[in-house]
Amino acid sequence: MGHQKRIRDEKRRHKILVGILCLLTLGMWAASGTPEKKLPKQDDPDKVYLVNSDELTFDKEQSADYRVLRGNVVFRKDSMYMYCDSAYFYEKDNSLDAFSNVRMEQGDTLFIYGDVLYYRGDEQIARLRNNVRMENRDVTLFTDSLNYEMIPNIGYYFDGGKLVDSQNELTSVYGQYSPDTKQSVFNFDVQLVNEKYTLYSDTLEYNTQTKIADIVGPSTIVSDSNIIYSSAGWYNTETDKSMLLDRSLVMSKGQSLTGDTIFYDRRSGFGEVFGNMVLNDSIRSVIMEGQYGFYNERTEYSFATDSARLLEFSRGDTLYLHADTLKSHLVLPDSTRLLQAYHGVRFFRIDAQGVCDSMEFTSVDSLLHMYKLPIIWNENYQITGDTIRIHMNDSTVDWALIPGSAFAAQHKDSVFYDQVSGKELKAWFEQGQLRQIDVNGNAQTIFYPQERDSTLTGLNKAESGFLRMYLKNQQMEKIIIWPQPQGSMTPLDLIKPEQLYLPAYKWYSDLRPVSPEDIFRKPEVKIEVVEEKKHRFNH
C-alpha cells in the first residue's frame, strides 16, 4: 500500500512540473511574438555620477550638503572618469572635492593626475593642485596649478609650468593646451628648448602635432650657429624651416640678414628675402641691399636684385654701388671672394665715381674689373676704355689700368680739355687724387699750359710712342714724351674748332653719378658730345 501511494504521488508531481514548464514555454513564445520596445536610459552629459565608493558617510548635522566618500572612489561625467582615495560629493550642486591619488581619464588618450581636485558643475571646470601632470599621447604638461575646462577641452596653468613633447620642452608663467586641436599658447618668460637651439619669448603659440611654433611677439632664437630676432612668423621645430615677418633679423658669423619677409632653412643655412633685404657683413664692412635676394650662411653666397645696392664702408668715405644684379660668393679652392655686378653698374664715392655694364672684384688680388663702356671720374678727370682694371689698396684706388682704347681727359675751362689717348693707359692715384698717367703705344695728347694765375696760354698737341704725365693738385706738373715726339703749339686766339679734341674724345658728364642717390638714375648715353662742343665753340 505504502509503495503504491509513493508511486501515485510521484506521478502527480511530474504532471505538475510538466504543466509549469509548458506555461513558461508558452509565455516566452508569446513574449517573442509581441516584443516590448524599451529605450535605454540616457545620462545627462553635464551631471556628475558616483560610480563607486567603498565607504559612504552622510551626516545631516555636520555635512548636510555633501557626502563623504572613502576608498576606490570613482565619478563619471559624460565620458570623463575621475578617481581618488577620498572625496566630498555635493550631489545637489553637481560638484566634488577629490583628494589623494587623483586621476582623470578620458578614453585612452587623456590622463590628468594631481594631489587635489576641485570640480564645480556650474562652471564645468576641474581645478587640480600640486604635482599635476596632464598626458595626451606623446605630450605631457607639468605644473602645480592646472585648471581644466571640460566644455572647450582645454587645460591651462597660470603660476608656472612646462609642456614636453617628442621634439621640444616649453616653459612659461602661463600656458594652455587643447588635446583636441593640439594647439598650445604660452605667455610670460617663455622658453622653447631642444637639442639644437633655445627660443625666448613673452608670447608663443605651438602645435604639438605639426611641431610649428607661431611667433606672435618679440622672440629670440639662439643656437651655436646663429641668432634670430623676430616678432611675427612661424618656425617648424621639426624641419627647421621658418617664415619670419616684420623685419626679422638673422645673425651669423659677423653677417646679419633682414627683410620684410624671410624664408629661412636653418639646416642648409639658406635665407630668402622678399622686400627691403639688407645683408650686413660687419667683418668686411659691406652691406648688400635689394627688394629680393638670398644668402647662404654655409657657403657665404649672397644675391640681390631689384633696386640692388652695395655699400662699402671700411674707410671714412662710403662707396655706393648699384646694378640690376649683385652676387658675392667664395671661389674654391683658395676661398677667394668674388663680387659680381651685372647690367647698369653705377657707383659713387666722394673721391671717385664710375659707370659700366658689368663689374667683378676679386679679394685675392684686390682687383676690380669694369667691362663694356667703363668710365671713371676723379674730380675733374674722366678715364675711359674698352676695359678698366682697378687695384684697390685698403679700399682706396691704388692704380687703374686701361689695356685698350685708353682715353683720359681733364676739364680745364669752357670747351677746353686736357686729353691723353693711347693703346694702353695706367693711372696712379695717391690719397684719392690722380698723381701720374703712363701711356704705352700710340700716345697722343692735347693740353693747355697755364700761367701762375691759371690763365690758359694756348693749345699744345703732341704724339709719340710713349707718354708719362705727372700731376699735382689735379694740375699737370710735368709731361715726358718719347721717342722723337712730334707736336705743335697754337695760341689760344688762333685755335680752330677741329683742333680742340683728339679722335677718341667723348665727355660723358650726363652719365656721371653726382650723389649716393643718383646711382639709381638711368641716363641715356650721348655719343655726339664732340659735335655739341664744337657748336658751342663756334658761337
Side-chain angles (χ1 to χ4, degrees), residues 80 82 98 102-107 109-120 123-223 228-240 242-245 248:
M80 176 68 76
M82 293 171 275
V102 173
R103 182 172 85 257
M104 300 176 67
E105 291 185 6
Q106 189 168 44
T109 60
L110 181 63
F111 303 89
I112 308 175
Y113 305 88
D115 292 346
V116 182
L117 163 64
Y118 304 102
Y119 175 77
R120 296 297 172 260
E123 300 174 324
Q124 298 201 47
I125 296 178
R127 295 174 171 84
L128 295 99
R129 301 294 182 263
N130 303 329
N131 302 311
V132 181
R133 187 172 80 256
M134 180 179 184
E135 297 180 356
N136 179 225
R137 298 190 185 277
D138 65 338
V139 179
T140 305
L141 187 153
F142 300 91
T143 184
D144 275 336
S145 297
L146 178 75
N147 291 354
Y148 175 70
E149 297 187 9
M150 292 190 173
I151 295 301
N153 193 21
I154 290 177
Y156 61 91
Y157 59 82
F158 43 84
D159 196 22
K162 176 172 64 176
L163 184 144
V164 179
D165 66 8
S166 60
Q167 293 284 336
N168 305 291
E169 178 180 298
L170 297 102
T171 58
S172 63
V173 176
Y174 173 88
Q176 75 177 46
Y177 173 70
S178 169
D180 290 339
T181 64
K182 314 303 180 186
Q183 193 71 14
S184 53
V185 178
F186 303 91
N187 297 108
F188 314 117
D189 297 332
V190 182
Q191 287 191 28
L192 184 155
V193 180
N194 65 27
E195 60 183 6
K196 295 169 289 187
Y197 53 84
T198 301
L199 186 154
Y200 302 90
S201 182
D202 265 356
T203 304
L204 188 71
E205 297 178 3
Y206 174 72
N207 191 286
T208 60
Q209 184 171 0
T210 64
K211 303 298 187 291
I212 293 177
D214 290 313
I215 301 170
V216 292
S219 304
T220 304
I221 307 174
V222 180
S223 71
I228 299 174
Y229 300 94
S230 181
S231 58
W234 54 261
Y235 192 101
N236 190 319
T237 63
E238 191 168 46
T239 64
D240 284 331
S242 61
M243 181 181 74
L244 309 170
L245 307 173
S248 297

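- Scored by the salt bridge (charged side-chain N to carboxylate O under 4.0 Å, His left out) test, Glu105 finds Arg103 as partners (sequence neighbours excluded).
- Residues Tyr177 and Ile154 have side chains not in contact (no heavy-atom distance under 4.5 Å, counting atoms from C-beta outward).
- Heavy atoms only, all atoms of each residue included: Val190 and Ser172 are closest at CG2-CB, 3.9 Å.
- Rounding to the nearest 0.5 angstrom, the gap separating the CG atom in Leu110 from the CD1 atom in Ile112 is 4.5 Å.
- Between the side chain of Thr143 and the main chain of Gly160, a donor-acceptor pair closer than 3.5 Å is present.
- Residues that satisfy the side chain to side chain donor-acceptor pair (under 3.5 Å) test with Glu135, not counting sequence neighbours, are Arg133.
- Atom OH of Tyr118 has 12 or fewer neighbouring heavy atoms from other residues, nucleotides or ligands inside a 6.0 Å radius.
- Among pairs with a residue in residues 138-168, none fulfils ring pair (Phe, Tyr, Trp, His ring centres under 6.0 Å), at least two apart in sequence or across chains.
- When side chains are defined from C-beta on, Asn147 does not count as touching Leu128, because their heavy atoms never get closer than 4.5 Å.
- Evaluation of the side chain to side chain contact (heavy atoms under 4.5 Å, CB included) rule for Asp159 yields no partner, not counting sequence neighbours.
- Between the CG atom of Asn136 and the CE atom of Met134 there is a distance of 6.5 Å, given to the nearest 0.5 Å.
- Considering only residues two or more places apart in sequence or on other chains, Glu123 meets the salt bridge (charged side-chain N to carboxylate O under 4.0 Å, His left out) condition with Arg127.
- Among residues two or more places apart in sequence or in another chain, the salt bridge (charged side-chain N to carboxylate O under 4.0 Å, His left out) test is passed with Lys162 by none.
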What verdict does the side chain to side chain donor-acceptor pair (under 3.5 Å) test give for Gln183 and Asn207, after you've listed the backbone C-alpha separation in whole Å, the side-chain angles of each residue and the deciding distance to 0.1 Å?
CA-CA 4 Å; Gln183 193 71 14; Asn207 191 286; 2.9 Å; yes

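- Contact record, Asp115 with Val102: O-CG2, 3.5 Å, taken as the closest heavy-atom pair.
- A donor-acceptor contact closer than 3.5 angstrom links the side chains of Asn194 and Asn168.
- The distance from atom CD1 of Ile228 to atom OG of Ser219, rounded to the nearest 0.5 Å, is 10.5 Å.
- Each ring pair (Phe, Tyr, Trp, His ring centres under 6.0 Å) pair with one or both residues in residues 186-217, not counting sequence neighbours, appears once here: Tyr197-Tyr235.
- Partners of Tyr174 by side chain to side chain donor-acceptor pair (under 3.5 Å), not counting sequence neighbours, listed by chain and number: Gln176.
- Remark: the backbone N or O of Thr239 is paired with a side-chain donor or acceptor of Asn236 at under 3.5 angstrom.
- We find the CG-CG distance between Leu163 and Leu141 to be 5.0 Å, quoted to the nearest 0.5 Å.
- For the pair Ile125 and Met150, the minimum side-chain heavy-atom distance is 4.5 Å or more.
- Note: Ser201 OG to Asp189 CG = 10.0 Å, rounded to the nearest 0.5 Å.
- Every residue two or more places apart in sequence or in another chain that forms a salt bridge (charged side-chain N to carboxylate O under 4.0 Å, His left out) with Asp240 is listed here: Lys196, Arg267.
- Taking the side chain to side chain donor-acceptor pair (under 3.5 Å) definition, one finds that Thr181 meets it with Ser178, sequence neighbours left out.
- To the nearest 0.5 angstrom, Asp138 atom CG is 6.0 Å from Asp165 atom CG.
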Counting only pairs under 3.5 Å, give me each side-chain donor-acceptor contact of residues 209-216, with atom names and distances, residues two or more places apart or in other chains.
| unit_1 | atom_1 | unit_2 | atom_2 | d |
| --- | --- | --- | --- | --- |
| Thr210 | OG1 | Ile212 | N | 3.3 |
| Lys211 | NZ | Thr208 | O | 2.5 |

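- A distance-only check finds no donor-acceptor pair linking the side chain of Thr109 to the backbone of Gly107 [under 3.5 Å].
- Nearest heavy atom pair, residue Gln167 against residue Thr237, reads OE1-O, 3.9 Å.
- Under the side chain to side chain donor-acceptor pair (under 3.5 Å) criterion, Ser242 pairs with no residue at all, not counting sequence neighbours.
- Residues Leu204 and Leu199 meet the side-chain proximity criterion, which asks for heavy atoms closer than 4.5 Å.
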